[in-house]
Amino acid sequence: MATKTGEGFSSSFGAIMAAAGSAVGLGNIWRFPYICGKYGGGAFLIVYIVFVLFIGMVLMMGEFVIGRRSGEDPMKAYPALKPKRPGWKYVGLAGLMTCFLILAIYLVISGWTLNYFWESLTGRLAGIADSDFGEHFKQFASSAGRPLLCVAIFLALTALVIVGGVDKGIERVSKLLMPILVVLLIALCVRSLTLEGASAGLSYLFKPDFSKLTGEGVLAALGQALFSLSVGMGVMIVYGSYLPKDDNILKTSLWITVCDFAIAILSGVAIFPAVFACGQDPTGGPGLVYQVLPVVFNSMGTIGRIFSITFFLLLSLAALTSAISLLEALTQWFSGKRLGRTGSALTVSLLVIFLAAAASFSFGDGIWSGFKIAGMSLFDLLDKLTGTILPPVCALMTIIFFGWVMNKEDIIDELSNHGMVKIGYFKLFYHILARVVAPLALLIVLVAGIIGG
Ligand code: PHE
């Protein structure tokens, strides 16, 4: 059994589903399509793929190794592997703090998604005039009660799964939800692609336009690669500690990466052809999903209603399996503090809902929107910290530990399952990617990000 508490995933398939569930989330369906379109479609894709494979996946394997080797939560894992350097525990702690902040903002957006699912189901969205969707979203997201209620419901669902345990809760739910998600997404793609004028959407998404791929676009590609694969903040250390001992870390990481990438691409294919076919603005940015897509759905008549229900259900499920991994990381850490699984999950939930509520109230014209920190509302500050600053910082520290501090023999032993699996890729992976390419790329992005403001 992997962890000290004896908890773990029961099979490799279950582990892949759970970790892919963490990776596939709002980042793939809500964020990827609009930034891919914004920064030059195919041009962005090329850079993104390079970052995913050579930085994101390397980090994922590194986190799995750290987690499984130590069998500990992120804060204890580093010192467990390098007892002479106890200060590394702060990297684990920084990752967990980042998880906490991401979870708060994630809950707010997941709450919106749940609300839109409900409004599609009850027909409320279908009754809104096209020109009013912008106002509808603004009014809803800036109000106090309803978004908070949605956050609470979403968090309660997440916590319920966590209380169920690693294999009976997280693994079981992921094994059920991930295949449903793929089926729903493929159905949406088919419908979207068969609309008249769909091809314009495909060329927007895939045709490379290098003039749009700015320095900012390259930074966005790296940020997105880390966020989408859930790497850098320790979530994969946690899931790594639950990996079966005979699991092949390279294979598992490859599967997760491929799933995550495929779902991001499919989301673009589901969204853009429909947006173009209905003559809507593809550069809707973050509002695309809540302001532009409902117009698209409404213009499709009855089938649009089914489309809408399916889409928001899909988005809610994807968000749920990601929120589960964030809450689990924090719960595992708290459990180490003698609270037990249920007590820890409840404690973290109580703490995080305060921050989520504050973030929600500060959004748009919300009741706390006048309160600014460094010129930003709390929501915008959290968005910036968790989207562009903290994950690369934590990722850089993690990869430095993995490549330069941790014992090489431990890594070889863990990747090869004590010599049972061939690791011919090790030289390239360790000496080139983990020690040089990934840390340098992360450093450059961070410095460029800081200089660029
Ligand atoms: N990967 C998730 C997504 O794409 C978000 C996430 C980030 C989840 C970090 C866990 C940890 O939406």
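For ligands, and for the atoms within them, numbers begin at 1 and follow the listed sequence.
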Check your understanding: Does K82 reach the side chain of M406, with side-chain heavy atoms less than 4.5 Å apart?
Key -> no

Point to revise | F32-Y48 aromatic ring centre distance below 6.0 Å | key: yes

Per-pair distances, ligand 1 N/O vs protein N/O, less than 3.5 Å:
unit_1   : atom_1 : unit_2 : atom_2 : d
ligand 1 : 1 (N)  : S22    : O      : 3.2
ligand 1 : 1 (N)  : A23    : O      : 2.9
ligand 1 : 1 (N)  : F227   : O      : 2.8
ligand 1 : 1 (N)  : S228   : O      : 3.1
ligand 1 : 1 (N)  : S230   : OG     : 3.0
ligand 1 : 4 (O)  : A23    : O      : 2.9
ligand 1 : 4 (O)  : G27    : N      : 3.4
ligand 1 : 4 (O)  : N28    : OD1    : 3.3
ligand 1 : 12 (O) : L26    : N      : 3.1
ligand 1 : 12 (O) : G27    : N      : 2.8
ligand 1 : 12 (O) : Y106   : OH     : 2.6

Review point. Are W255 and F13 close enough that their ring centers fall under 6.0 Å?
Key: no

Review point. Is the F312 to F117 ring centre distance short of 6.0 Å?
Key: no

Practice item. Report the residues that fulfil side chain to side chain donor-acceptor pair (under 3.5 Å) with S322, sequence neighbours left out, ordered by chain and then residue number. Key: Y106

**Study point:** NZ or CZ of R31 within 45° of F227 ring axis and under 6.0 Å
**Key:** yes

